[in-house]
Participant: 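Submitted below is the structure of interest, expressed as structure tokens.
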Amino acid sequence: MALLFCLCGPALADPLDVSQSPPGASACLGCHGATETELPSLKNLSAVEIEAGMDAFRTGAREATLMNRIAKGFTPEETRAIAQWLATQGRAK
Amino acid sequence: MSLTRRTLLASSAAALAAPALAQTQGKVVVIGGGFGGASAARFLHKMGFDVTLIEPNAQYISCPFSNAVIAGLRDLSQQTFTYAALERQGIRLVRQMASKIDNSVRRVTLADGVMISYDRLVLAPGIDLNFEALPGYDEAASNLMPHAWKAGAQTLLLRQQLEAMSDGGTVIISAPANPFRCPPGPYERASLIAWYLKNHKPKSKLLILDAKDAFSKQSLFTAAWKEIYGDRVEWIGLSGGGKVTEVKAKEKIFITEFGEHKADVGNVIPPQRAGKIAISAGVADQTGWCPIDPVTFEAKLAPNIHVIGDACVGGGMPKSAFSANAQAKACAQAVAALLRGDAPTEPKLVNTCYSLVKPDYGISVAGVYAPARGLLADVQGAGGVSAANASASVRAAEAQYAEGWYKTITQEVFG
Ligand SMILES: Cc1cc2nc3c(=O)[nH]c(=O)nc-3n(C[C@H](O)[C@H](O)[C@H](O)COP(=O)(O)OP(=O)(O)OC[C@H]3O[C@@H](n4cnc5c(N)ncnc54)[C@H](O)[C@@H]3O)c2cc1C
């Protein structure tokens with residue numbers, strides 16, 4: 001238990017290293033961050049699932065309050081890079 | 001002898017190598033510990049730079065959701081953050097006002113005279129309320145007619161005045177011309193004050209006097225006001241005579257181009273400009289804001305000084321906490337590249353501003369931005385406001401998401 005705390009503690013408190021993040025990725029963190037909130041977490045999604053979600057938001061295949069307006073600002077290639085980066089940072093599965 | 005020398009050489013090589021890992025070359029000074037500056041400090045430190053954050057206040061009191069404090073829906077303690085997590089992270093905190101920037105020798109002078117030098121400076125001083133722009137409205141007048149546009153004592157003063165007002169009174173809010181901090185803020189405030197009046201002082205009215213003819217999320221706000229608050233809320237735009245040209249603080253009178261309005265509670269949101277230090281350092285232009293390179297956030301008027309948040313000319317990006325935080329991360333990435341001698345990559349940014357029309361009714365405006373024509377321009381086809389005819393459950397979901405955003409962002413910025 002204590003060990004778990006030690007492992008999670010710093011990861012939660014510290015920001016991510018965004019020096020290699022692809023364009024736009026760091027802005028996703030403003031809503032999909034380290035903490036559990038009222039917003040959906042991306043933590044249990046794989047990079048492929050995030051990309052598929054964004055594609056569906058972009059085309060309108062998936063209804064949303066907000067994400068369709070954001071997804072339309074990114075190309076499929078940009079979206080893929082973002083999804084893969086989030087996964088390498090532990091912010092997705 | 002030679003062994004000692006070898007050991008010495010080896011250990012000094014290690015000593016050189018070790019800090020290179022833990023701490024990348026380059027000393028960054030950040031001025032201002034708000035959403036922009038505190039974010040920049042955290043992200044740059046995480047990348048291994050030596051970071052000093054200059055901020056005079058021990059606590060940061062946040063504006064987002066402060067309109068709910070005014071309406072009695074929230075406590076100011078929920079708006080209050082400390083810099084403990086930043087210190088724990090290893091950021092050097094200097095509790096002083098920066099009073100002078102001498103960019104030719106890359107040095108900041110603090111109010112107490114101490115000097116700090118930098119390789120690159122990140123400037124995030126937020127706004128100054130312009131107490132010279134509106135006749136009759138100076139700092140003393142703001143104790144009678146609060147602005148509540150910097151959260152804290154002013155927020156509580158406006159709340160107390162509303163609580164003290166008798167039923168049947170008139171609340172007047174005056175909103176400035178663009179650009180200013182938080183474009184939807186005056187209208188969210190009007191909404192939540194109307195909510196308070198509806199529930200506590202139902203015979204009272206609210207009037208918004210506006211120096212412009214259009215405002216953020218206008219059609220959504222207007223429709224919601226009609227639906228929820230009936231004719232309790234009235235808005236007068238520029239062409240209807242809404243521009244306030246003078247105030248008489250003692251009498252709580254707003255003078256417009258067309259006449260006079262007397263308030264029982266008067267909230268003056270005055271014109272604004274970049275924080276004083278940006279102006280005195282010559283980083284702001286004649287508009288009072290700081291033009292920047294949209295890739296690096298480097299000031300067009302001063303190399304090595306990067307400006308983020310409300311103080312910069314964000315192009316299509318509004319002056320919001322979300323923008324300040326997003327800009328901080330993109331700026332940190334560019335500063336890191338420049339200090340390492342790499343070419344900065346073109347960023348892409350996002351902004352989203354949620355507003356509450358009532359506690360369970362949220363609406364939003366969003367945008368995606370990329371450098372174009374020397375500015376951060378809207379990516380065409382993206383962004384926009386919440387759907388016009390959304391159901392109550394969608395409005396309720398957006399109100400919940402607004403809470404979620406606030407928790408996420410404040411965790412990222414203040415730990
Ligand atoms: C009523 C209201 C509601 C809002 N709601 C929202 C919302 O829902 N969502 C949203 O995204 N935004 C919202 N905003 C906007 C948001 O508060 C600002 O856009 C945001 O605070 C800007 O961040 P910043 O870092 O540029 O400036 P600030 O947060 O103002 O931080 C500037 C910091 O710099 C320090 N400073 C200034 N000068 C110096 C100096 N010379 N030396 C050292 N330190 C200095 C100050 O003490 C301050 O801590 C709202 C604003 C208001 C007024």
Side-chain angles (χ1 to χ4, degrees), chain A residues 6 8-43 54-55 57-60 62-83 85-86 89-91, chain B residues 24 39 42-43 45-48 85 88-89 321-322 325-326 328-330 332-333 336-337 340 345-352 354 362 364-370 378-387 390 394-395 397-409 411-413 415:
Chain A
C6 292
C8 313
L12 231 175
D14 263 23
L16 296 181
D17 181 338
V18 295
S19 56
Q20 305 305 319
S21 63
S26 63
C28 311
L29 306 177
C31 286
H32 303 293
T35 28
E36 287 290 328
T37 73
E38 290 80 352
L39 288 162
S41 165
L42 304 182
K43 276 207 181 125
M54 289 290 279
D55 288 344
F57 288 132
R58 187 187 312 104
T59 61
R62 182 165 168 190
E63 288 220 352
T65 59
L66 169 74
M67 278 310 298
N68 43 10
R69 290 178 264 154
I70 292 179
K72 283 182 187 137
F74 294 93
T75 64
E77 295 71 34
E78 288 171 332
T79 305
R80 171 168 302 173
I82 292 172
W85 182 79
L86 288 170
Q89 300 302 309
R91 291 294 170 90
Chain B
T24 311
S39 302
R42 292 198 84 185
F43 282 93
H45 183 270
K46 180 69 187 179
M47 295 175 199
R88 238 181 288 125
Q89 196 188 322
F322 194 110
N325 166 264
K329 287 179 268 192
Q333 206 172 349
R340 287 167 180 160
T345 50
E346 289 221 343
K348 223 162 185 183
L349 290 104
V350 176
N351 175 66
T352 303
Y354 284 107
S364 59
V365 58
V368 181
Y369 309 89
D378 283 88
V379 172
Q380 292 304 309
V385 299
S386 305
V394 165
R395 304 295 191 215
E398 288 224 276
Q400 287 294 303
Y401 292 154
E403 286 276 354
W405 165 75
Y406 188 69
K407 284 179 196 159
T408 308
I409 204 103
Q411 193 279 326
E412 186 174 275
V413 180

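Every chain is numbered from 1 and lettered A, B, ... according to where its sequence line falls, protein lines coming before strand lines.
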Participant: Answer with side chain, backbone, both or neither: which region of A/Glu36 has an atom nearer than 4.5 Å to a non-hydrogen atom of chain B?
Facilitator: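 Nothing of A/Glu36, per the 4.5 Å heavy-atom cut-off to chain B.
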Participant: Which of the residues A/Cys31, A/Ala71, A/Ala27, A/Ala25 is involved in the greatest number of heavy-atom pairs with chain B at under 4.5 angstrom?
Facilitator: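 It is A/Cys31.
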Participant: Look at A/Ser19, A/Gly33, A/Gly24 and state which one has the largest set of heavy-atom pairs under 4.5 Å with chain B.
Facilitator: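 The option with the most such pairs is A/Ser19.
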Participant: Counting only heavy atoms closer than 4.5 Å, note whether B/Ser39 contacts chain A via side chain, backbone, both or neither.
Facilitator: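 Neither part.
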Participant: Which atoms of B/Glu398 come close to chain A, meaning under 4.5 Å heavy atom to heavy atom: side chain ones, backbone ones, both, or neither?
Facilitator: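 Interface part for B/Glu398: side chain.
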Participant: Go through the atoms of B/Tyr401 and report whether side chain, backbone, both or neither lie under 4.5 Å from a heavy atom of chain A.
Facilitator: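 B/Tyr401 touches chain A through backbone and side-chain heavy atoms alike.
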Participant: To check you understand the geometry: which heavy-atom pair defines the closest contact between B/Val368 and A/Arg69, and what is its length?
Facilitator: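 Heavy atoms of B/Val368 and A/Arg69 come nearest at CG2-O, 4.3 Å.
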Participant: I need the minimum non-hydrogen distance between A/Arg58 and A/Asp55, along with the two atoms involved.
Facilitator: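 What the structure gives for the nearest pair is NH1-OD1, 2.8 Å.
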Participant: Name the region of B/Ala366, side chain, backbone, both or neither, that has any atom closer than 4.5 Å to a heavy atom of chain A.
Facilitator: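 Both backbone and side chain.
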Participant: What are the two closest heavy atoms between B/Ala332 and B/Phe43, and how far apart are they?
Facilitator: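 Shortest heavy-atom contact: CB-CB, 4.0 Å.
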Participant: Taking B/Ala326, B/Pro347, B/Ala337, B/Gly384 one by one, which has the highest count of heavy-atom pairs under 4.5 Å against chain A?
Facilitator: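 Looking at each of B/Ala326, B/Pro347, B/Ala337, B/Gly384 in turn, B/Gly384 comes out on top.
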Participant: Can you list the residues that meet the side chain to side chain contact (heavy atoms under 4.5 Å, CB included) rule with B/Lys46, with sequence neighbours excluded?
Facilitator: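 Expected list: A/Asp14, A/Pro15, A/Asp17, B/Gln89.
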Participant: Tell me every residue that passes side chain to side chain contact (heavy atoms under 4.5 Å, CB included) with A/Asn68, counting only those two or more places apart in sequence or in another chain.
Facilitator: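 For A/Asn68 the side chain to side chain contact (heavy atoms under 4.5 Å, CB included) partners, ignoring immediate neighbours, are A/Ala64.
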Participant: Side chains of A/Pro23 and B/Glu346: closer than 4.5 Å at any heavy-atom pair?
Facilitator: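 Side chain of A/Pro23 against side chain of B/Glu346, heavy atoms only: no contact under 4.5 Å found.
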Participant: Can you find a heavy atom in the side chain of B/Lys407 that is under 4.5 Å from one in the side chain of A/Glu38?
Facilitator: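 Side-chain contact under 4.5 Å: yes.
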Participant: Using a cut-off of under 4.5 Å for heavy-atom pairs, which of B/Ala370, B/Ala336, B/Gly383 has the most such pairs with chain A?
Facilitator: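 Most heavy-atom pairs under 4.5 Å with chain A: B/Gly383.
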Participant: Using a cut-off of under 4.5 Å for heavy-atom pairs, which of B/Ser386, B/Ala330, B/Gly404, B/Ala382 has the most such pairs with chain A?
Facilitator: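 It is B/Gly404.
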Participant: Tell me, side chain or backbone of B/Ser364 under 4.5 Å from chain A's heavy atoms, or both, or neither?
Facilitator: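 Both parts, heavy atoms under 4.5 Å.
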Participant: If every non-hydrogen atom of B/Lys329 is compared with every non-hydrogen atom of A/Val18, which pair is closest and at what distance?
Facilitator: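 In terms of heavy atoms, the two residues are closest at O-CG2, 4.0 Å.
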